[in-house]
> 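Okay, here's the structure, questions in a sec.
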Amino acid sequence: MVRTNLRNAIKELKKVRISYEGTERIVHPYLIGINKKGNESLRAYQVGGFSSSGHLPEWRLFLLDQIDFVEIIDEYFQIKNDYNPDDKGMTQIIYRIEA
């Protein structure tokens, strides 16, 4: 269900609320892929919610198995100019926004 909701949000360019490692985050989801450590991951631009660094907004990589739920927010986002559809942090891209 997490992956399905994220794919739908990516397709529709909609913000999502996720629970990640027990904390709420608001993100713009851009792509799902396999990171260099072999984990299925979400590349997203975090715009709200918890941040241990305190730096928001910021690009983040979230492990899908650490996301407890995804709620699609009925609000669109604009694709950022620095979005890289060929994310070098991923060894394989599964689904992405085509820029």
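This is a predicted model, so every value here is computed, not measured. What you see below is based on every heavy atom in this structure, not just the backbone, and it leaves out hydrogens, waters and symmetry mates.
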> For the pair Thr91 (side chain) and Ile34 (backbone), establish whether a donor and an acceptor sit closer than 3.5 Å, ignoring hydrogens and angles.
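At least one qualifying donor-acceptor pair exists.
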> Minimum heavy-atom separation for Leu42 to Leu6, with atom names?
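Shortest heavy-atom contact: CD2-CD2, 3.9 Å.
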> With side-chain contact (heavy atoms from CB on, under 4.5 Å) as the criterion, how do Arg3 and Tyr95 come out once you've worked through the C-alpha distance, each side chain's angles and the decisive distance to 0.1 Å?
CA-CA 10 Å; Arg3 185 184 309 126; Tyr95 193 79; over 6 Å; no
> Determine yes or no for a side-chain-to-main-chain donor-acceptor pair under 3.5 angstrom, with Tyr83 supplying the side chain and Glu98 the backbone.
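No, Tyr83 side chain to Glu98 backbone: no donor-acceptor pair under 3.5 Å.
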> Rounded to the nearest 0.5 Å, how far apart are CD1 of Ile10 and OH of Tyr30?
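One finds 10.5 Å between CD1 of Ile10 and OH of Tyr30.
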> Looking at CD1 of Ile72 and CZ of Arg17, how far apart are the two atoms once the value is rounded to the nearest 0.5 Å?
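Here the rounded value is 12.0 Å.
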> Heavy atoms only: give me the nearest Arg60-His55 pair and the separation to one decimal.
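Taking every non-hydrogen atom into account, NH2-O, 2.9 Å.
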> Does atom CG of Asp86 have more than 12 heavy-atom neighbours from other groups under 6.0 Å away?
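Count over threshold, so yes.
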> Kindly give the heavy-atom pair with the smallest separation between Val16 and Ala9, and that separation in Å.
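Closest pair (atom of Val16, atom of Ala9, distance): CG1-CB, 3.4 Å.
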> Hey, what do you get for CG (Leu61) to CD (Gln46), rounding to the nearest 0.5 Å?
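Result: 12.0 Å between the selected atoms.
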> Ile94, Met90: one ILVMFWY side-chain cluster at the under-4.5 Å cut-off?
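Yes, Ile94 connects to Met90 through the hydrophobic network.
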> Please assess Arg25 against Thr23 for the test side chain to side chain donor-acceptor pair (under 3.5 Å), listing each intermediate value before the final yes or no.
CA-CA 7 Å; Arg25 323 283 176 108; Thr23 62; 2.9 Å; yes
> Are the side chains of Ile32 and Glu40 in contact, using a 4.5 Å heavy-atom criterion?
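In short, these two side chains touch, coming nearer than 4.5 Å.
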> Search all heavy atoms of Asp68 against all heavy atoms of Gly22 and return the closest pair with its distance.
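Nearest pair, atom of Asp68 first, then Gly22: OD2-N, 3.9 Å.
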> Answer yes or no: is there a donor N or O on one side and an acceptor on the other, between the side chain of Asn35 and the main chain of Lys37, under 3.5 Å?
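Yes, because the side chain of Asn35 sits within donor-acceptor range (under 3.5 Å) of the backbone of Lys37.
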> For the residue pair Ala44 and Phe62, what are the closest heavy atoms and their distance?
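Where Ala44 meets Phe62 most closely, the heavy atoms are CB-CE1, 4.0 Å.
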> Can you tell me how far CG of Asn5 sits from CD1 of Ile18, rounded to the nearest 0.5 angstrom?
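It comes to 12.0 Å.
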> Return the minimal non-hydrogen interatomic distance between Ile97 and Pro29, and the atom names on each side.
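So the two residues come closest at CD1-O, 3.6 Å.
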> Measure the spacing between NZ of Lys14 and CD1 of Ile73 and express it to the nearest 0.5 Å.
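These two atoms lie 10.5 Å from each other.
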> Atom CG in Leu64, atom OG in Ser41: separation rounded to 0.5 Å?
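Reported value, rounded in 0.5 Å steps: 7.0 Å.
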> Closer than 3.5 angstrom, by distance alone: can the side chain of Arg96 be matched with the main-chain N or O of Pro85 as a donor-acceptor pair?
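Yes, the answer is positive, given that a donor and an acceptor are paired below the 3.5 Å cut-off.
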> Do the side chains of Phe50 and Val2 join up, straight or via other hydrophobic residues, at under 4.5 Å, putting them in one cluster?
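No, because Phe50 and Val2 fall into different hydrophobic clusters, even though each may have its own neighbours under 4.5 Å.
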> Less than 4.5 Å apart, any side-chain heavy atom of His28 and any of Lys80?
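No, their side chains stay 4.5 Å or more apart.
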> Could you tell me whether the side chain of Asp82 reaches within less than 4.5 Å of the side chain of Trp59, counting heavy atoms only?
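Trp59 vs Asp82: side chains touch.
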